[in-house]
Amino acid sequence: MNLPDSWIEARLADVCVLNPRLSPDARPDEMTEVTFVPMSAVDERSGTISKPEMRTFGEVSKGYTSFLENDVLFAKVTPCMENGKAAIAGTLVNGLGFGSTEFHVLRPTGLVLSEYIFHFIRQEAFRDRAASAFVGTGGLQRVPPEFLSRIKIPLPSIPEQQRIVDVLRQAEAVTK
């Protein structure tokens, strides 16, 4: 990869926590409302969560994928992944969300912006590479976590990441 001098190449696993678990101290009361995001709530065109649901923590604490504000959700199952289902978790009730077990969760560290990761994983070239790593049979193929662990991304400084994100937002606004 030919990068500008001030950029580095970093593994996604070095700049994000991949599929983090909900820590015991973050677990609220069973009746606490949280945001629930089924796969159908993620709009593949806009990359947003368009129809979140409200559920109690007790309803979703087992058997669903947990995430926090600003985590990036990435569909791991075909055909959702190829269609671009991904979103940044935001405005979560009580700061906590749960959703389909078919999401990978990428929690950016202080080295990378959520929006930068989001735009990176939404690229067709990235999704093509992810599809080539599918495991499973037939219509239930999935992107394995090992793919995300080893994938490398170009990583500029945070101000440069923000500039790139701003340009991409402007381009999206123009296309709308």
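Please read these numbers as outputs of a predicted model, since none were measured by experiment.
- In plain terms, the two heavy atoms of Glu69 and Gly90 that are nearest each other are OE1-CA, 3.4 Å.
- There is a path of hydrophobic side-chain contacts, each under 4.5 Å, that joins Phe118 to Val165.
- A distance of 10.5 Å separates CD of Glu146 from CG of Leu18, quoted to the nearest 0.5 Å.
- Under the 4.5 Å side-chain heavy-atom criterion for ILVMFWY residues, no single connected hydrophobic cluster contains both Leu22 and Val105.
- Note on Ile8 and Leu3: same hydrophobic cluster, where clusters join Ile, Leu, Val, Met, Phe, Trp and Tyr whose side-chain heavy atoms are under 4.5 Å apart, directly or indirectly.
- If you look at Phe98 and Phe57, their ring centroids are closer than 6.0 Å.
- Listed by chain and residue number, Arg163 satisfy the salt bridge (charged side-chain N to carboxylate O under 4.0 Å, His left out) test with Glu160 (two or more places apart in sequence, or in another chain).
- Remark: Glu33 CD to Thr35 OG1 distance equals 9.0 Å, nearest 0.5 Å.
- Under the 30°/60° scheme for interplanar angles, the aromatic rings of Phe74 and His104 are found to lie parallel.
- Val112 is not connected to Leu68 by any chain of hydrophobic side-chain contacts under 4.5 Å among Ile, Leu, Val, Met, Phe, Trp and Tyr, and they are in different clusters.
- For Lys85 and Glu44, the salt-bridge test passes: some basic side-chain N is under 4.0 Å from an acidic carboxylate O.
- For the pair Val135/Phe147, no side-chain contact is recorded, criterion being any heavy-atom separation below 4.5 Å from C-beta on.
- Remark: Arg122 engages no residue in a salt bridge (charged side-chain N to carboxylate O under 4.0 Å, His left out) (not counting sequence neighbours).
- Heavy-atom minimum distance, Ser100 versus Thr65: O-OG1, 2.9 Å.
- Annotation for Leu106 and Leu12: closest pair CD2-CD2, 3.4 Å, computed over non-hydrogen atoms.
- For Asp166 and Gln170, the side-chain atoms include no donor-acceptor pair closer than 3.5 Å.
- Annotation for Met31 and Thr56: closest pair O-CG2, 3.9 Å, computed over non-hydrogen atoms.
- Residue Asp14 holds its CG atom at 9.5 Å from OG of Ser149, rounded to the nearest 0.5 Å.
- With values rounded to the nearest 0.5 angstrom, Asp71 atom CG is found 11.5 Å from Ile117 atom CD1.
- The cluster map of Ile, Leu, Val, Met, Phe, Trp and Tyr, joined by side-chain heavy atoms under 4.5 Å apart, puts Ile158 and Leu155 in the same cluster.
- Looking at Asn94 and Pro28, their side chains never come closer than 4.5 Å, going by heavy atoms from C-beta outward.
- Within 6.0 Å of CD on Glu124 lie no more than 12 heavy atoms contributed by other residues, nucleotides or ligands.
- Taken from CD in Gln161 to OH in Tyr116, the straight-line distance is 6.0 Å, to the nearest 0.5 Å.
- Residues Ser61 and Arg27 have side chains in contact (heavy-atom distance under 4.5 Å, counting atoms from C-beta outward).
- Side-chain contact between Glu102 and Lys76 is present, with at least one heavy-atom pair separated by less than 4.5 Å.
- Taking the side chain as every heavy atom from C-beta outward, Phe134 and Met81 approach each other to under 4.5 Å.
- Looking at every heavy atom in both residues, Ala41 comes nearest to Pro52 through CB-N, 4.3 Å.
- Ile49 contributes atom CD1, which lies 5.0 Å from atom CG of Leu73 (distance to the nearest 0.5 angstrom).
- Nearest heavy-atom pair, Val72 versus Ser114, reported as atom, atom and distance to 0.1 Å: CG2-O, 3.6 Å.
- Aromatic rings from Phe103 and Tyr64 are positioned such that their centres are separated by 6.0 Å or more.
- At least one side-chain heavy atom of Phe120 sits less than 4.5 Å from a side-chain heavy atom of Pro154.
- Counting heavy atoms from C-beta outward, Val77 and Gln141 have side chains that stay 4.5 Å or more apart.
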